[in-house]
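Along the sequence shown, the residues carry numbers beginning at 1. What you see is a predicted model; the values in this text were computed from it and never measured. Remember, it's 1-based here, ligands and their atoms both numbered in the order they're listed.
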Amino acid sequence: MSTETALCLLAAGKGTRMRSDLPKVLHEVAGLSMLGHALKSGDGCAPSRIVIVTGHQSERVADAARKLAPSVTCVEQSPQLGTGHAVQMAAPALKDFAGDVFVLFGDTPLIRAETLEAMLAARRGGADVIVLGFEAAVPGGYGRLILDDDGGLDRIVEAKEASAEELAVDLCNSGVMCVPGPVLFDLLDKVTNDNAKGEYYLTDIVGLARAEGLACAVVRCDEEETLGVNSRVDLSAAEAAWQARARIAAMEAGVTMAAPDTVFLSHDTVIGQDATVEPHVVFGPGVTVEGGAMIRAFSHLEGCTVASGAVIGPYARLRPGADIGEGAKIGNFVEVKAARFGKGAKANHLTYVGDATVGEGANIGAGTITCNYDGVLKHRTEIGAGAFIGSNSALIAPVKIGDGAMVGAGSAISQDVEADALGITRAPQDNRESFAAKLRIKLLEIKARQTKK
Ligand code: UD1
Ligand code: MG
């Protein structure tokens with residue numbers, strides 16, 4: 001018996017109820033397409049081959065699939081004649097495949113990898129066909145799993161075909177199955193479309209397997225895992241369930257969150273032990289926060305790294321390429337893009353730092369802007385270690401501020417400032433004695449004349 005596994009992902013459906021130009025399986029949960037989530041679930045069976053069945057906007061789905069997993073084989077199903085017909089489309093790609101085939105749906109993003117491991121264990125335990133089932137709170141339109149007297153799986157009945165007695169069963173079909181490849185395709189050849197929907201039902205293979213004396217078994221999972229997305233409302237429910245799971249995983253890994261329900265994570269967010277995430281923080285894709293860092297309230301991070309001991313926010317924005325060093329501080333209303341902050345460097349208030357390096361211990365005053373864009377090209381700003389940039393300065397890139405240099409507040413710096421030098425571009429101050437008092441009298445006289453008229 002081959003111990004290899006293959007994954008067959010069904011993603012041909014149109015997803016009419018999404019009301020979208022984007023194919024359903026490319027809609028995202030936590031910043032990753034549902035197709036990507038299904039592939040991640042599939043990791044649980046360590047597949048040596050992956051076949052994706054596409055149909056609606058086939059090329060677009062296939063392109064996305066190849067980006068996620070370059071080795072996938074995409075096959076097109078056209079027209080779409082049911083789930084059994086869809087799996088049959090994978091037969092040529094798996095014709096020499098002797099191992100177990102897992103069938104997963106592309107619009108079911110919450111199946112845990114561990115659940116597939118449990119199904120694989122059940123397969124190794126001897127049953128030929130393994131079906132993933134769940135106890136549904138509202139069984140509705142799901143296929144019902146009908147058990148035999150020994151607790152084995154006897155057949156699956158689609159809701160449209162079910163008798164009143166069968167409809168009363170609350171053990172339902174998730175759609176996920178595990179069957180040895182040769183058995184699967186042999187059984188599918190025998191499936192007909194003689195049913196209420198006129199479709200080839202994948203689920204019919206269970207009854208056919210039993211008729212041939214094969215053993216079928218159910219592995220159960222929580223209903224939440226099987227949540228399938230058909231509409232934007234379902235999509236938001238999947239997002240909520242995914243977030244709830246990810247927040248718990250983060251806290252269990254040692255992250256402090258005072259109000260986890262207000263924190264939004266991405267599919268690939270990495271947060272180290274003893275980091276703190278205050279309320280209302282949003283993580284876009286590609287963020288790594290090291291242990292011991294502090295992300296304060298109302299901050300937005302994407303595509304960035306934050307080293308230990310750094311403090312971000314409140315109200316900070318870290319954009320792609322922000323690399324915040326150990327113990328550095330990025331304060332309120334500070335935006336950082338494609339910039340490295342060295343150890344202990346600070347930009348505490350109202351600043352934009354983009355396409356820049358900020359040396360260790362440098363201090364960027366409130367209101368400083370790196371003017372990195374001339375309308376056509378982007379340019380770099382380099383700020384040396386221990387430099388001090390006075391408030392409200394414009395650093396007009398390309399420009400270098402040397403180690404230990406200072407920039408006077410309010411300067412517009414377009415030429416390099418050498419190490420330990422002061423760069424300043426302010427006009428000299430001119431104080432005029434009693435000028436304000438005299439001016440005020442004049443203004444009051446004008447006002448008096450105007451009110452008389
Ligand atoms: C299916 C199951 C049902 C189960 C339910 C769980 C069958 C016959 N029924 O019903 O027992 O309780 O899922 O959600 O399998 N697809 C294709 N090509 C097709 C038809 C479907 O690729 O020709 C894909 C869809 O894009 C979708 C998946 O297969 O990802 C399931 O199809 P869907 O029509 O939603 O099946 P259900 O009627 O929900
Ligand atoms: Mg469905």
Polar proximity ligand 1 side, [X] side, N/O cut 3.5 Å exclusive:
| X | value |
| --- | --- |
| Ala12 | yes |
| Glu158 | yes |
| Gly13 | yes |

How about [atom]: does it have a protein heavy atom within less than 4.0 Å?
| atom | value |
| --- | --- |
| atom 12 (O) of ligand 1 | yes |
| atom 15 (O) of ligand 1 | yes |
| atom 26 (O) of ligand 1 | yes |
| atom 34 (O) of ligand 1 | no |

Heavy-atom contact check, 4.0 Å cutoff: does [X] meet ligand 1?
| X | result |
| --- | --- |
| Gly55 | no |
| His85 | no |
| Val53 | no |
| Ser174 | yes |
| Glu199 | no |

Handout entry: Residue among Leu39, Val53, Val72, Val25 satisfying side-chain contact (heavy atoms from CB on, under 4.5 Å) with Leu9
Key =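 The option that passes is Leu39.
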
Handout entry: Closest to atom 20 (C) of ligand 1 among Ala38, Gly133, Gly82, Gly15 (heavy-atom distance)
Key =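 It is Gly82 whose heavy atom sits nearest to atom 20 (C) of ligand 1.
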
Handout entry: Option set Leu81, Val25, Thr83, criterion heavy-atom distance to atom 8 (C) of ligand 1, minimum
Key =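 Nearest heavy atom to atom 8 (C) of ligand 1 lies in Thr83.
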
Contact atoms of ligand 1, heavy-atom distance to [X] under 4.0 Å:
| X | result |
| --- | --- |
| Leu10 | 22 (O), 24 (C), 29 (O), 30 (O) |
| Gly143 | 3 (C), 4 (C), 11 (O), 12 (O) |
| Asp107 | 27 (C), 30 (O) |
| Ala86 | 17 (C), 18 (N), 22 (O) |

In terms of residue, atom name and distance, what is the protein heavy atom nearest to [atom]?
| atom | result |
| --- | --- |
| atom 5 (C) of ligand 1 | Asn173 O, 4.0 Å |
| atom 1 (C) of ligand 1 | Phe105 CE1, 4.0 Å |
| atom 17 (C) of ligand 1 | Gln77 OE1, 3.6 Å |
| atom 37 (P) of ligand 1 | Lys197 NZ, 4.8 Å |

Practice task
Report the relative orientation of the aromatic rings in His280 and Phe298; use parallel for angles under 30°, tilted for 30 to 60°, perpendicular for over 60°.
Solution key: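 His280 vs Phe298 ring planes: parallel.
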
Handout entry: Plane angle bin for His267 and His37 - parallel if under 30°, tilted between 30 and 60°, otherwise perpendicular
Key =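 Plane angle over 60°, so perpendicular.
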
Distance-only criterion, 3.5 Å: show the donor-acceptor pairs between side-chain atoms of residues 216-224 and protein atoms not counting sequence neighbours.
unit_1, atom_1, unit_2, atom_2, d
Arg220, NH1, Glu135, OE2, 2.6
Glu223, OE1, Ala137, N, 2.9
Glu224, OE1, Arg245, NH2, 3.1

Side-chain ([X]) to main-chain ([Y]) donor-acceptor, under 3.5 angstrom:
| X | Y | answer |
| --- | --- | --- |
| Asn332 | Pro314 | no |
| Ser231 | Asp234 | yes |
| Arg232 | Arg19 | yes |
| Ser174 | Leu132 | yes |

Exercise for the section: Could you tell me the separation between the OH atom of Tyr373 and the NE2 atom of His379, rounded to the nearest 0.5 Å? Expected result: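 Tyr373 atom OH to His379 atom NE2 measures 10.0 Å (nearest 0.5 Å).
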
Problem - Test item: Phe264 and Arg247 side chains (from C-beta on) under 4.5 Å apart, heavy atoms - result: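 Phe264 reaches Arg247 side chain to side chain.
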
Practice task
Using a 4.5 Å cut-off on heavy atoms from C-beta on, say whether the side chain of Ile156 contacts that of Met177.
Solution key: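 The answer is yes, as the side chains (C-beta and beyond) meet within the 4.5 Å cut-off.
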
Exercise for the section: Specify the closest pair of heavy atoms between Gly151 and Leu147, including all atoms of both residues, with the distance to one decimal. Expected result: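 For Gly151 versus Leu147, the nearest heavy atoms are O-CD2, 4.1 Å.
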
Exercise for the section: Just jot down the side chain to side chain contact (heavy atoms under 4.5 Å, CB included) partners of Ala297, sequence neighbours excluded, or say none. Expected result: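 Residues passing side chain to side chain contact (heavy atoms under 4.5 Å, CB included) with Ala297: Glu278.
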
